[in-house]
Structure formats: structure tokens, C-alpha cells
Participant: 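One structure coming up, written as C-alpha cells, with questions to follow.
Letters A, B, ... are given to chains in the order of the sequence lines, protein chains preceding strands, and every chain is numbered from 1. The model shown is predicted, which means the values in this text are computed figures rather than measured ones.
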Protein chains: 2
Amino acid sequence: MQAEAPGRVQDVRRQNLAVALGAIQRTERSTRAEIAARTGLTKASVSSLVAGLLETGLIEEVGVTRDGERGRPGSGLVLNRQRGALGAEVNVDYLAAGVVDLLGEVRVHEVVERPPGGSPEEVLGELRALARRATTAAEADGMVLLGGGLAVPGLVDPAHGTVLTAPNLGWRNAALAQHLEALLPGAPLGVVLSNEANSAALAELWYGHGSSFRDYLYVSGEVGVGGGLIFGSELFAGPGGHAGEVGHLVVQPDGQQCSCGGRGCLETVAGQHAIFSAAGIDGTSTADRMAALLGALDAGSPEAARAVETAGHYLGVALASAARMVNVSAVILGGHFAGLQKWIRPSLLRSLDSYAPGVVPPDGVAFSGLGQTAALRGAAGSRLREVFASPHDLLN
Amino acid sequence: MQAEAPGRVQDVRRQNLAVALGAIQRTERSTRAEIAARTGLTKASVSSLVAGLLETGLIEEVGVTRDGERGRPGSGLVLNRQRGALGAEVNVDYLAAGVVDLLGEVRVHEVVERPPGGSPEEVLGELRALARRATTAAEADGMVLLGGGLAVPGLVDPAHGTVLTAPNLGWRNAALAQHLEALLPGAPLGVVLSNEANSAALAELWYGHGSSFRDYLYVSGEVGVGGGLIFGSELFAGPGGHAGEVGHLVVQPDGQQCSCGGRGCLETVAGQHAIFSAAGIDGTSTADRMAALLGALDAGSPEAARAVETAGHYLGVALASAARMVNVSAVILGGHFAGLQKWIRPSLLRSLDSYAPGVVPPDGVAFSGLGQTAALRGAAGSRLREVFASPHDLLN
DNA sequence: CGAATTAGTATGGAATCTGAACTATATGGC
DNA sequence: GCCATATAGTTCAGATTCCATACTAATTCG
């Protein structure tokens, strides 16, 4: 804590508003007295803080419920389900937009499939139409959207709204700030870019296996292999903002050239293309090839089994190093790894046990069950978390 | 910031004391007016805060210095050089203790060589005598010691004062809490355990190459290969407290068995023993063998050159993965790597460029110049930083 | 229907910041 | 030398926000 900024007396209230809101968020229904007991604040302070939170619109007072206990019943406080955020996702062969409320529930969800390719302008134009459909539907329902998040499969600079590089979209240094603003015009918090694997890692934290692990490495298997690090229920982005990129750990010092310019990266043996070609699977769309691979595995094709086993082996090599490096003991595998769970798990566990015995135990290896909405939910959820972290900002 | 603890009005002062002290720390000599200008606090607040800091004894008022400027001259404020911390180190073949003042200068330094081996009790008994010599010398000089740090080559649990495992000392689950207290009886902040590589990484930050890099991976080459991660001028310890351990990244999936139970770890090709035996160097003490290796290299021995080159190559493989994983662009090499700089640098740079082109540029590779006092200075320095972070704790 | 119990509000006191007015101490021009 | 100017530091009133205590409100139990 190399404290730079001086503290003001008002900052105390900023923090306590967040503390009180956090207490409300963690239970179905709270009363002022319960909040005081849980946070350690006095009843008087809580009364004042709750008044402020009611003013932000983030919480609502629901009537008293006589629960049969002795004494005056408290009046219930709940998160306002009429507040939410936009979540959006650009991926290689589809676009998605949705609205997530303060409780984390997906209230609206729109997806369109589209052929790969297109400039950032074209793609974001299509996405805007989709987002408009989603937001008007939500607003017709009485919802107010506070901000939004857009997940893309690539490295991003959220501060400037720029996609630095997204090889599978063919984008490089794409400045999207204006397009982001257009997705949700006039929202208090705007729309922020994020990396798809990071967003999926957060979605896993909030809506998936996150209840089991406080610290883990999430690995997203797509055409590329991405990753996100969660420490203490927070995303760890690293100094440059791109930590957790396991796809380019070196697992075969004498291996193939990688698209990143390096050699023997994990992606060259465990990315989708690598597995498909090792298994001898052709096809046009990713979905088709994935189906064909699963079919071959089911049919007992030794070629397919060996391809997946090899991927699992090298995934284990990479995860052994990664787990040691950042000192985590759990990994969650998403994307194609989740679909291949049954076939990839044995070789992965063997490999982990042999390269880093005891570091990642078998029950520290989990497979994602969230499917394709993970990134979208994570992107919207991260904006909602910002609201929870500083509700004060919503007070004029 | 999943804020849990409610804020009090008093917390504002806690923070502002640290802010003011930080402003004083960053310049040779400050005045209240300068502090106000630099921090954004008002002159009135700074006056009050400085009064509090004077009470802690951490700063001193030195007389006014007429500098020829117009207007009333400010009265100078400086860090009190009579306050400091104990730094201590247990290593395989020596013990060290020293006293570091608030400016980071080593005021007393005591080292004894000793044969390897000994139980934690024996070793800490010897260390206590050494520490007593150092502290009485410092106290005779008028110094007051606020706390201390002890660096050991192994994984530690600072909260409980336990060495979890230190293979090169032969220690395992050694509970040292009482011995730590005995090193500096009655000090306000006590003595805290730390990992040697982490402490050296911090020493590098404060007294070495840290001025050039805000984020880097420090690699300590000893019998084992340890590491420490510095992000944003802070040590990143990871969820379990042991992040940055590069010694056990897998660099040869088909390589040798490692003492950690894994296979093909960096340590098996770049640790001191690995290099010595690959170079065909025998000898009893580490210092002797190191001297022999340097002699062989100077004499142009192809065997020695190849051993070091191989170590550099695999060090590059590990650092390529590590840098990608945690997204740093600089590494600082200490321990035997620093001594071998001239011979190891070329193969390391080639390897980095080939496995992670552009990630760690050549001028992001630095070699430590701190020598053997690094860990001691880091251990003491980290306690002093705690003082800087919360000076309030020193007020009655 | 009153005693007991719990929820929530109102009020006074303490801590601490800010801003403006004030005092202290220097330089520089005449 | 003296006074205007400039800068450093202090004092004091006002604002904010917390806590502690006393109070009012609403319910259950006997």
C-alpha cells in the first residue's frame, strides 16, 4: 500500500456504502439491524448508509415480513432487480448480447451466428443492432442499464478501448472506443472491453465452480488457448494486464513454430486446430469438426484418442509450470477442453502428477459447465462488481 | 476491493500519516509546505500530521536553511537515521546479521562462515549471538530498532514463523516463532520470516536495478533456483505466498528427476550442482567450485562453456514461459547467474528471443550487482516499509 | 392489555479534513 | 533602514461522518 492519495473524511462514507451494499448483496433479504450486526457498523450509521443506497436505486425496500419472532420486525432490503448491465461478446463465428441484473441473472439473451471475418467497424455495427434489441427489450421490462462489457478473444487495452491483437478475428490495434459508447449510449458507466478468457474466468468465479475455489487458473480452449488467473476471488491481470496467458507457455522446446513467433507453445499441441489435424479431422466450421472429433472418439478411433491424449499430456506440462509459477492449486478448463473432459482428463492428471506432484491434486482439476454464455456473463458481471465496489459514484 | 471492514473517521488519519511520511521519504529534505504541495493535503492538515510523525520518532526537524529564496524559509524535515531494523540471513554456509536504517543504509554488518548442517535450534542459537553483536553495536550508536526480518532459502509461512521446507538446509516444518522473538527482544514489530529469493528481489527493487523496472521477475541462482515477482514496486507472493518459484518450471518434459518429485525442472539443468557436474567441476565447498568454474571458463574450457550455455538456454525457456504467464518484460538475475553473466547472457538472450520473441527485450535482462547482502537488506527493508505504510501503529 | 423484545431514528460528542484569516520570517527595491 | 512582497506555518470555524446513548415504533408473550 504505497499510499499516494490523501484520504478525506468523505472517503469513509464511500467505503462504508460499499460495505453496506456488500452485506445486502450476500443475502437474499436483509434488514438494517442485520447489516449492522454483520458489518460492525452501528445501527445509526447503517440507517444513514441505507438511505444513501436507496437513493442510488441499487437497493429497494420491500415491506416488513412478520416472521413470528418477538420484537419489531425489520423492513426488508433487497438488490433492485431493475438495475443491470449489458454483456456482449464478439467471437469467431457468432455475436452475442445480453442483459444481466444485479443478482447476476441473465434477463435477456440474443445470439446471431455469422461467418468469420469482417472489419472491426462491420462487426461492431452488427453487434450494435443486436445490443439494441437486447437493451430495448430490457428497458421495456423497466430495467435501467448502468454500464456494459464487451468480451473479445484477444489482448485488449481497456483504458483506451483498444483491441491490441486478436489473431483469430484478424484484428490488430483496433480502436473501438466510439463503437463501445454506441453500444449503450448515455449509460453512467459506459462499456468496457475485456479479454474473453478473463471474462470467462470471472463468470466461473461468480456463476460456476468459483464457490469451490478461491484461487485458480482458468484455461479457455478455443482456436487459441487463453487463460485467466483468479486470486482471492479477484482477477489478477498482471502488470501489463495480460497475465495468465497459458497458450504460449513452452511445452516442447524442440516443437513447432507458433503463430506468436515462438516455438513449441502449448497452443501448437492443444489448440483446436492442432487437435483436429492430429486426429485427422477435416471440415469447414469449428462446430462440425468438433462434432466429428467427438464422434471419432465415441467410435473408438485410436488416432483421435491419441491426439486428445497428447493435448492432455502437454496441457499438464504447461499447467504444472503455471501452477508452480503463480502458486495456485486448482485449474478450471473451459472451451473445447470442457467438451473433451472424458477423454482428456486421464492424461492431464497423469501429466500433472508427474511434473508437479502434489501441486494440483485431482480434485483441483475442474471442467467448466457454463457453455457459451460464460464470457458474456463475465463481461457484464465485472461491470456490476464495479458498481458494488463504489456505489457512491451513482450519487450525483 | 471487496471491502469488508467498515471505515472509521480515524482511518483517514492513518492513511494520511502514511502519505505524509511517504512524501518525506521520497526527498532528501522536505518542508511542511512542500509536503502539502506534493500530496494535495492542505497546509493545515500537514502541520497536524507532521506533529504526529515527530511524535513517532520516525522523522526529525532540522533547522531552517536560508536558501536565498524570497519569503519565510521552511523548517526542514528528514527521516530519523536513529531508527532502523534488524536484517538477518541463514544460508547454507554462512550466517549474517545487520542493521539497516530508515534511509536503507546498512549501518552494521556481521557475517560468520560456518559448515553446512545443524538443527534449526542450533543454527538460530548461533544467529542470536551474531544478532546480539549487531544490535548492541547499533544501540551503542544511539539507534532504536523497530523490527527485524530473517531470510532463509526455503518456503516459509511468515504468519506462523514456520519454515515449511528448506531442502538445502535440511529443514522441514521448523517452528521458529520463539527463536525469532529472541533475535530482537521487545521490539515494537518483532522479527518476521521471509524467503531469501523474495527478499533479494525486494532488495533489488530498493537498492539495485529497481529504479529501472517497476515490474520484473527476480531469479536467484543458488544450489536451488528461486525467484521473486515484483509488480508495481510490490512483491507479489501469490495466493499461497510462494509465487515466482521458477526453479521448478518444466523445461525438459523428458528430462531428469528433480528433488521436488517432478521431472525436467529448470533446477536440474541450471542449479549450481547441475552446472558444476555438467562442467566436470569437483570440489568441497561451493565457493571453491565456483572459482574453479570461472577459472575453466577463462581458460576456454569447451566443457565448461557448454555447461553454462545449456543452463542459459533452458533458463531462457523457463523465463519465456514465466514472462508470458505473469506478463512481465524484465528479469533480474542474481546468485551464481550474476557471476556467470558474461558467459550465460548470449545463450539466454538467444533462447528468450526464440521462445518468446519481443516479450523480454535484451535491455530487460539485467544482472544483480548487490552480492551477498541482498537478502539481508531486503529482509530488513521490508520491515521498514511496513513502518512507512502505517506509522500510526507506532503512536502509543 | 401491559411487559418484554427487537427495529429503526434522533441527538450530542469526537475526530479529522478544508478553507480562510492570521502570524512569522525571509528577500528586494527605494 | 524601511516597507512591500512573498512564502511558511498556525489557528479557528465549518463540514462531514462516525459512534454512543437515548428515544420512538412495532411486534409477541403471558
Participant: At under 4.0 Å between heavy atoms, how does the protein contact nucleotides 18-30 of chain C? Give one character per nucleotide, 5' to 3', with B, S or -.
Facilitator: BB----BBBBS--
Participant: Quickly work out the B/L395 CG to C/dA15 P distance and round it to whole Å.
Facilitator: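 Answer to the nearest Å: 14 Å.
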Participant: Using whole Å, what does the distance between atom C1' of nucleotide C/dG8 and atom CG of A/L54 come to?
Facilitator: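 A/L54 atom CG is separated from C/dG8 atom C1' by 13 Å.
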Participant: Students often get this wrong, so: under 4.0 angstrom with heavy atoms, is A/T31 touching a base, only sugar-phosphate, or nothing?
Facilitator: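 Sugar-phosphate, no base atom in range.
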Participant: Does D/dC18 have its OP1 or OP2 closer than 4.0 Å to a side-chain nitrogen or oxygen of A/N16?
Facilitator: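 For D/dC18, OP1/OP2 do have a side-chain N/O of A/N16 under 4.0 Å.
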Participant: So which nucleotide from D/dC18, D/dT10, C/dC17 ends up closest to the side chain of B/S47?
Facilitator: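 Output: D/dT10.
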Participant: D/dT17 C1' sits how many Å from B/R13 CZ, rounded?
Facilitator: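 Value for this atom pair: 17 Å.
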Participant: Closer than 4.0 Å, any side-chain N/O of A/S48 to the OP1 or OP2 of D/dT17?
Facilitator: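 A/S48 to D/dT17 OP1/OP2: no side-chain N or O under 4.0 Å.
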Participant: For the helix from C/dC1-D/dG30 to C/dC30-D/dG1, figure out the bend between the end axes, five pairs an end, and round to 10 degrees.
Facilitator: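 The helix from C/dC1-D/dG30 to C/dC30-D/dG1 shows an end-to-end axis angle of 10°.
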Participant: Side chains of residues 45-55 of chain B: which donor-acceptor pairs under 3.5 Å do they make with residues two or more places apart or in other chains?
Facilitator:
from	atom 1	to	atom 2	distance (Å)
B/S45	OG	B/T42	OG1	3.0
B/S48	OG	B/R13	NH1	3.0
B/S48	OG	B/R13	NH2	3.0

Participant: Starting at CG of A/L49 and ending at P of C/dG8, how long is that distance when rounded to a whole Å?
Facilitator: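 Atom-to-atom, A/L49 to C/dG8, this comes out as 14 Å.
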Participant: In whole Å, what is the span from the CD atom of A/Q15 to the C1' atom of C/dT16?
Facilitator: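 Taking CD of A/Q15 and C1' of C/dT16, I get 16 Å after rounding.
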Participant: Would you name the heavy atoms of A/Y207 and A/G381 that are closest together and state the gap between them?
Facilitator: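 Distance-wise, the nearest heavy atoms are OH-CA, 4.1 Å.
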Participant: Could you pull out the closest heavy-atom pair between B/L394 and B/P188, with the gap in Å?
Facilitator: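 Here B/L394 and B/P188 meet closest at CD2-CB, 4.3 Å.
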Participant: From CD of B/Q10 over to P of C/dG13, roughly how many Å is that when rounded to an integer?
Facilitator: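 About 17 Å, once rounded to whole Å.
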Participant: Using a 4.5 Å cut-off on heavy atoms from C-beta on, say whether the side chain of B/T135 contacts that of B/L184.
Facilitator: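 Yes; the side chains approach each other to less than 4.5 Å.
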Participant: As a test of reading the structure: which of D/dG9, C/dC17, C/dG8 is closest to the side chain of A/R32, going by heavy atoms?
Facilitator: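 Minimum distance to the A/R32 side chain belongs to C/dG8.
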Participant: Got a salt bridge between B/E61 and B/R32, using NZ or NE/NH1/NH2 to carboxylate O under 4.0 Å?
Facilitator: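 Between B/R32 and B/E61 there is a salt bridge, with a charged N closer than 4.0 Å to a carboxylate O.
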Participant: Taking atom C1' of D/dT16 as reference, at what distance in whole Å does atom CG of A/L17 sit?
Facilitator: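 In whole Å, D/dT16 C1' and A/L17 CG are 13 Å from each other.
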Participant: For the pair B/Y216 and B/F231, evaluate ring-ring contact (aromatic ring centres under 6.0 Å, His included) and give the outcome as yes or no after the intermediate values.
Facilitator: CA-CA 7 Å; B/Y216 57 86; B/F231 295 153; 9.3 Å; no
Participant: Under a 3.5 Å cutoff, is there a donor and acceptor pairing between the side chains of B/T27 and B/R38?
Facilitator: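 Looking only at side-chain atoms, B/R38 and B/T27 do form a donor-acceptor pair, the distance falling under 3.5 Å.
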Participant: Going by an N to O cut-off under 4.0 Å, is there a salt bridge joining A/R385 and A/E234?
Facilitator: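 Salt bridge between A/R385 and A/E234, a charged N being under 4.0 Å from a carboxylate O: yes.
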Participant: Please give, in whole Å, the distance from D/dC18 P to B/R14 CZ?
Facilitator: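 After rounding, the gap between these two atoms is 17 Å.
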Participant: Less than 4.0 angstrom from a charged side-chain N to a carboxylate O is my criterion; do A/R81 and A/E60 meet it?
Facilitator: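 Salt bridge flag = no for A/E60 with A/R81.
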